[in-house]
Amino acid sequence: MAAEQTDTSSSPGRHQEPVHWADQTAARIVAQRGPLGGDKPHYTCASGITPSGTVHIGNFREIVSVDLVVRALRDAGYATRFIYSWDDFDVFRKVPKNMPKQEMLDAHLRWPITDVPDPFGELGSYAERNERDLESVLPTVGVTPEYLYQTRKYRAGEYASGIRTALERRDVIRRLLDEHRTTSLPDDWWPVSVFSRFTHKDTTTITGWDGEWGLSYRCDESGNEETVDIRTSDLVKLPWRIDWPMRWRHEQVDFEPAGKEHHSAGGSFDTAKTIAREVYGYDAPVTFKYDFISIKGRGGKISSSTGDVIGLPEVLEVYEPEVVRYLFAGTRPNTEFAISFDLDVIKIYEDYDRAERIYFGAEQVNEKRAQKESRDYELSQLPERAALLRAAARVRATKADARLRGPVQFPFRTLCNFLMITAGDIGAALSRFDDYDPNDLGQRDRAHRRARCAWNWTTGFAPEEFRFALKDGSEEPVALSPAERAAVVALRDEIDRKLDEYDDKSLQDRVYAIARENGADEKAFFGVMYRILIGKERGPRLGGFLRTVGRERLLQILDGYR
RNA sequence: GGGCAGCUAGCUCAGGGGUAGAGCAUCUGACUUUUAAUCAGAUGGUCGCGGGUUCGAAUCCCGCGCUGCUCACCA
């Protein structure tokens, strides 16, 4: 089946190198893995981690990177399978500090994490707990892979022949691994590990293999020995460096990225690559290295041993899903970057909004920039909307005069200010935008989503100098000079009589005039007004601010100065 | 010890054989204008160092330096 190649750029009709890293990776996959057809119905893109603790935002980079490449492949017309392997048959090595029931978990060290109880007592296992936490939030950002659970596959005997191959090629594997080791693997080393039936722990010693399916081991703690059948046992697994290449072949993986800790000579990708070829007769998938991400403005690390874990849910409190995708789509995977919770948040939202305007032609930039920003924007959309946009783009390509109007934008900074004025009342804050239409349900949802992020950020992370709370008139009045008092009263009367007649700028001008007319220092008078209204020296531009607060609440505060 | 990245304007980075770029910062100007304000303009660079290839190198090649990361135990 020949894949239909559709143009992915924003200016159809021109053949050129893709500008976006995801499209470039997709092109590499197609070039290196060969065309689809015959026994290759699709390209398989793989991601996966060990659910040994809360999945943090650093782990998320891998998932979203694969998702973006999958999107790129599908946009180019190629059938693509996106799998996510949970290595939940891995051994439980360390108790994370952010988990309850530390003693209980401690007692299960060296067990397969799939057999460790859920410390929250709700789900079937510790592994399942961590899996569900991630799986339940990924659809929010439009990521919906096919989940594979290693435990099930191991215990169902699905990997039995892969395990047997490893046993048969034991010497080859040992030689390959030894190439990068400082100390050679011992003579009695086996390329498998076995959990003890008697203690559940992996503290066992392999004592023999019958050359077929029978594997014998001794439990180090209890001293018991037994022989198990690889095909039916629920105790045998491959160690990571062998499990990985075995799975590549098993799932016919064409693409899988890996963290920088794996991409190094002698690192796990390097050895897995060799084992894939020499033991499993399979060419390692196309890959790239992704760098770490850090956290800024939240004082903590992504995942510290003290237990403060930053995961996708925490990021989504402040960033709407499209903006989260935008962060990852807009940064090449091999570049380290920080997810900010400080003032950068405003800039990130502004960048995203600008990309949106560029995409819809509402802001002009040079061709190259327009292409990159447009593709960043497109990849940032959730699947349903992305499909709509691409369909619309195809129409635009054939009808030169067909323009698509971009959505109404609600600037993050303004939203924060409105929310502070309304003390977090989202509906009231949004109604202050002239072009907000609550009857447009799609727009309403988007606006509410962003408003929740804006309020979360304002209350939880914004610097103190950014925040304010409107007074309500019950406070002790601010001490004023006679001239200042006269000016405040004059402004109060002006507001009382004809606030509606002003726009932002004319009201701002009027404030200056009133200060001057009453003999108050013009600049200082602004400070006076901010002290009166919000108890601070500075604030949002006064003209717009006064109009936004509104007559009623202004009078409530200013009447105390009459 | 091996590997990988980075080194470009004061800062953060883009560019990857054909006139050295952006944003921020700085300076100047504008709006009687207060939430990193906005707008207009300007200043600012031996593209880490040395060699090579080329008509031409920030870009390709070789060597070196510094910085960071990573592997060699487990995943």
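What's counted below: heavy atoms across the whole structure, side chains too, no hydrogens, waters or symmetry copies. Below, read A as the first sequence line, B as the second, and so on, with proteins coming before strands; counting in each chain starts at 1.
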Using the [atom1] atoms only, state how far [M] lies from [N], rounded to an integer number of Å.
{"N": "G15(B)", "M": "A9(B)", "atom1": "C1'", "result": "15 Å"}
{"N": "G65(B)", "M": "C27(B)", "atom1": "C1'", "result": "36 Å"}
{"N": "A20(B)", "M": "U26(B)", "atom1": "P", "result": "28 Å"}
{"N": "U12(B)", "M": "A75(B)", "atom1": "C1'", "result": "34 Å"}
{"N": "C60(B)", "M": "A72(B)", "atom1": "C1'", "result": "33 Å"}
{"N": "C39(B)", "M": "C62(B)", "atom1": "P", "result": "46 Å"}
{"N": "G56(B)", "M": "G52(B)", "atom1": "C1'", "result": "15 Å"}
{"N": "A30(B)", "M": "A36(B)", "atom1": "P", "result": "23 Å"}

Q. Of the candidate nucleotides U35(B), U34(B), A14(B), which contains the atom at the shortest distance from the side chain of K523(A)?
A. U34(B)

Q: Give the nucleotide from the list U34(B), U70(B), U35(B) with an atom nearest to the side chain of Y530(A).
A: U34(B)

Presence of [X] side-chain N/O under 4.0 Å of [N] phosphate oxygens OP1/OP2:
{"X": "Y512(A)", "N": "U34(B)", "value": "yes"}
{"X": "T183(A)", "N": "A72(B)", "value": "no"}
{"X": "R181(A)", "N": "C74(B)", "value": "yes"}
{"X": "R467(A)", "N": "U35(B)", "value": "no"}
{"X": "R516(A)", "N": "U32(B)", "value": "no"}

Q | Under the 3.5 Å Watson-Crick or G-U criterion, the dot-bracket string of RNA chain B, with | for inter-strand pairs | A | ((((((((.[[[[.)..(..]]]].(((((.......))))).....[[[[[..)....]]]]])))))))....

Q | Interface with RNA chain B, restricted to residues 258-268 of chain A and to heavy atoms under 4.0 Å | A | K260(A), E261(A), H262(A), S264(A), A265(A), G266(A), G267(A)

Q.
Any salt bridge linking E350(A) with K347(A)? Criterion: basic side-chain nitrogen under 4.0 Å from a carboxylate oxygen.
A. no

Q: Take F433(A) and F418(A), measure what ring pair (Phe, Tyr, Trp, His ring centres under 6.0 Å) needs, and give me the verdict at the end.
A: CA-CA 9 Å; F433(A) 284 98; F418(A) 286 3; 5.0 Å; yes

(Q) Looking at every heavy atom in both N130(A) and G53(A), which two are closest together, and how far apart are they? (A) CG-O, 3.3 Å

Q: Provide the closest heavy-atom pair for L542(A) versus Q508(A) in the form atom of the first, atom of the second, distance.
A: N-OE1, 3.4 Å

Q.
Using a 4.0 Å heavy-atom cut-off, does R93(A) contact any base of the nucleic acid, only the sugar-phosphate backbone, or nothing at all?
A. sugar-phosphate

Q: Mind checking E350(A) for me? I need base, sugar-phosphate or nothing, with any heavy atom below 4.0 Å counting as a touch.
A: base

Q: Answer with yes or no whether R538(A) presents, from its side chain, a donor or acceptor under 3.5 Å of a partner atom in the base of A37(B).
A: no

Please report the distance, rounded to the nearest Å, between [atom1] in [X] and [atom2] in [N].
{"X": "I242(A)", "N": "A75(B)", "atom1": "CD1", "atom2": "C1'", "answer": "12 Å"}
{"X": "R332(A)", "N": "C4(B)", "atom1": "CZ", "atom2": "C1'", "answer": "15 Å"}
{"X": "F269(A)", "N": "C69(B)", "atom1": "CZ", "atom2": "P", "answer": "24 Å"}
{"X": "E179(A)", "N": "G3(B)", "atom1": "CD", "atom2": "P", "answer": "15 Å"}
{"X": "H180(A)", "N": "U70(B)", "atom1": "NE2", "atom2": "P", "answer": "19 Å"}
{"X": "F461(A)", "N": "A36(B)", "atom1": "CZ", "atom2": "C1'", "answer": "20 Å"}
{"X": "L533(A)", "N": "U35(B)", "atom1": "CG", "atom2": "C1'", "answer": "14 Å"}
{"X": "D202(A)", "N": "A75(B)", "atom1": "CG", "atom2": "C1'", "answer": "12 Å"}

Q.
Test of understanding: with ring-ring contact (aromatic ring centres under 6.0 Å, His included), list the residues that count as partners of F92(A), not counting sequence neighbours.
A. Y126(A)

(Q) Can you work out whether A524(A) or T335(A) has the more 5'-proximal nearest nucleotide on RNA chain B? (A) T335(A)

Q.
Between E537(A) and K237(A), which residue's closest nucleotide on RNA chain B lies nearer the 5′ terminus?
A. E537(A)

Q: Might you work through the ring pair (Phe, Tyr, Trp, His ring centres under 6.0 Å) test for Y512(A) and F525(A), ending with a clear yes or no?
A: CA-CA 8 Å; Y512(A) 273 86; F525(A) 184 61; 9.2 Å; no

Q: Answer with yes or no whether the side chains of N98(A) and T54(A) bring together a donor and an acceptor at under 3.5 Å.
A: yes

Q. Who pairs with R467(A) by salt bridge (charged side-chain N to carboxylate O under 4.0 Å, His left out), at least two apart in sequence or on another chain?
A. none

**Q.** Contact list for residues 529-538 of chain A, test side-chain hydrogen bond (donor to acceptor under 3.5 Å, both in side chains), sequence neighbours left out
**A.** R531(A)-E537(A)

Q: May I ask you to check whether F337(A) and F328(A) place their ring centres under 6.0 Å from each other?
A: yes

Q) Does the separation of the ring centres of W21(A) and Y290(A) fall below 6.0 angstrom? A) no

**Q.** T114(A), L148(A), I49(A) screened by side-chain contact (heavy atoms from CB on, under 4.5 Å) with W86(A), the one that passes
**A.** I49(A)

Please write out each protein N/O paired with an N/O of nucleotides 22-26 of chain B under 3.5 Å, distance rounded to 0.1 Å.
none

Q.
Can you see whether F292(A) has K260(A) sitting over its ring - NZ or CZ less than 6.0 Å from the centre and within 45° of the normal?
A. yes

Q: Let me see the working for F545(A) and F468(A) under ring pair (Phe, Tyr, Trp, His ring centres under 6.0 Å), right down to the final yes or no.
A: CA-CA 12 Å; F545(A) 186 49; F468(A) 64 81; 5.4 Å; yes

